[in-house]
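Everything on this sheet refers to the single structure shown next.
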Amino acid sequence: MEKKTNQFKAEITEMLDLVVNSLYSKKEIFLRELISNASDAIDRAKFLSLTDKTLAADNPEWKIEILVDKGAKTLMVSDNGTGMDAAELEQNLGTIASSGTKAFRKALKEKGEAGAAADLPELIGQFGVGFYAAFMVADRVRVVSKKRGGDAAFQWESDMGGSYTIADAERDGFGTSVMLHLRDDQAEYLDKWRIGELVKKYSDFIAYPITFRLLDTPADEKEEDRKRREEDEKKPLNTMVALWKRAKKDVKPEEYAEFYKHLTHDWEDPFETIPFSGEGQVEFKALLFLPKKATMELFMPQQKRGLSLYVRNVFIGDDIEMLLPSYLRFVKGVVDSSDLPLNVSREMLQDDAVIAKIKSAVTAKILSTLESMKKDGKKYNEFWNSFGTVIKEGVHVDSTNAERIKKLLKYPTARSDAGSTMFLEDYVKAMPSEQKDIYYLLAEREEDARKAPQLEAARKHGCDVLLFCDPVDEFLTESLWEFDGKKFVDIAKGDVGFGSEEEQKAEKEANDKAAKELKPFIEAVKKELEAKVGDVRVSTRLTDSPCCLVAMANAMPPSMVRMMRAMKNDVPEEKRILELNADHPLVKKVAGLKGESLSDAIAMLYDAALIAEGSPVTDGARFTRLLSDLMLKA
Ligand code: ADP
């Protein structure tokens, strides 16, 4: 083929600039990234050759070599994995995986100029652009690759000048070699001892031997020195033991952390490491991790996620979603089972009984880990802040474990401090003896919820109210049903009563009496607001505010309305009930007005109810006019 020059996609240039200009102290991680890619390529080659024997017709001894030429100042990472053809070189090394591209740019922007350099390593890892880390230590990179199943080799080369070239090349055998022309100040990576140290530190668990070889041996090397060197170079730099097979007590936390980073491309240590094995029905070993932070991909529906699966040490695939329920999709890790056939395919995993058993064991283990974590309030809060939103989905989708999951939920409440959250069991413990139900209030923002007039009577009676302010909470109300035998009740919907039975009875009588007295006024309000509210009545919820809006007992939840509208259904505006506080001086005063003053005052009462719950008023101009009239009169 003709040698051709291509421009990098803009975001790569942007990123390369940052890579080169960032003063990142841990440039050494470039080696881990390249070894990790090499190991992935061998994993894939091994897996593909299970079904297509011709791909491994050369009967390869799977390995990764690090070849150094001190004179030429080059370091090469070479593997005999899948290899890439010209199109793949272009696709894989000329663009960032398109799903990642947008997210990467966005994150880059959000970090801003100042933060960008400092956070770059984290970003590189997060968006799977590990290969480009090579440019932290090299000013020119050449990749020579020959794809298994193909017959020609190609090379990709770039000096980061905004473009790269693709051309024909020569390569003995299949696989990929990534050659780095090290910058003058990066000569340390030519040193065998230094390379050995890095492999031990970051890549010890890689399942294939990683060896070192010096290419420009001294011309005057003595025979015995040569022999000794060659013997020495045969020994792998890594121990290659699958970490999940080793007993927990024999593994250092740093080793787990490095493995986690290799697996996830996360730049940070894991939040929690969970090694365990399944015995009995299915035999398997698992090594699971909880990350520290949620990534955006958690909320991208197309994104694959799950655990990596090995069968007897052979890599089958990553992101096997059948191994995890969707609400635990933030969990990372590896499962290795000897109870599955080697030639399983993703499709077969779908309804495999062994996989289903592993999934339920994995689920139970994670839930029990979280249950024990509850004892450490600070740690649990950290976890909850990152993944609480995702866990909540479990109540809805996993009926088997719903009761366990409910015990993991935390909510802000009307009586607790802003920023703190409460477990349901603690809420129930604090309920006054006459409170039968668990109260909640839906709102878009916690600040609005805390100020909602609907909370007033609950407060007066010493009842706390859960504040459901996360968008998933609203869906959840349909599956929460009850906890500890107590129903969940929306305090801004239908009828609610607080206090003892006698108190409620007395209140009802007082209300009926007030309603009778206010009847003409209530009728006037109904007429005036006919188009906006479904009913007007005296409230049991209010103590300090003059009025509030509540939903009809059988109203469709707002989320359902939004969903149906999104599906192009014509859903009429659901009318709500305007509740009046009969004891409030303003209500008493307005009830005595007549004519235009009465209609204006009613309009303002309604707007006040909207504003109190954080909703916009329907006619801003009219509201402002009424308000200024009122102020002028005062
Ligand atoms: P990531 O490995 O996170 O996908 P990289 O930028 O490191 O991101 O690599 C991009 C892609 O290039 C990889 O997904 C892989 O398809 C391909 N690739 C990189 N190194 C190799 C290699 N040694 N052998 C085969 N393919 C490779």
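In listed order, ligands and their atoms are each counted from 1.
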Do any nitrogen or oxygen atoms of Asp79 lie less than 3.5 angstrom from nitrogen or oxygen atoms of ligand 1? yes
Going by side chain to side chain donor-acceptor pair (under 3.5 Å), name the residues that satisfy it together with Asp43, two or more places apart in sequence or in a different chain. Tyr208
Record the part of Thr176 in heavy-atom contact with ligand 1 below 4.0 Å; permitted values are side chain, backbone, both and neither. side chain
I'd like to know if Met84 contacts ligand 1, where contact means a heavy-atom distance under 4.0 Å to any ligand atom. yes
Answer with yes or no after comparing the ring centroid distance for Phe30 and Phe135 against a 6.0 Å cut-off, counting only values under it. no
Given that the side chain starts at C-beta and the backbone is N, CA, C, O, which of these parts of Val77 lies under 4.0 Å from ligand 1, counting heavy atoms, or is it both or neither? neither
Contact check, side chains of Phe284 and Asp336, non-hydrogen atoms, under 4.5 Å: no
With respect to Asp40, determine whether any N or O atom, backbone or side chain, lies less than 3.5 Å from an N or O atom of ligand 1. no
In ligand 1, the atoms that come under 4.0 Å of a heavy atom of His265 are 3 (O)
Any atoms of ligand 1 less than 4.0 Å from a non-hydrogen atom of Leu93? List them with their elements. 12 (O)
Honestly, is Lys285 close enough over Tyr310, meaning NZ or CZ under 6.0 Å from the six-membered ring centre and within 45° of the axis? no
Output field: ring centroids Phe276/Trp244 closer than 6.0 Å: no
The criterion is side chain to side chain donor-acceptor pair (under 3.5 Å); which residues satisfy it with Lys292, sequence neighbours excluded? none
Is there a polar contact, in the sense of an N or O pair closer than 3.5 Å, between Asn92 and ligand 1? yes
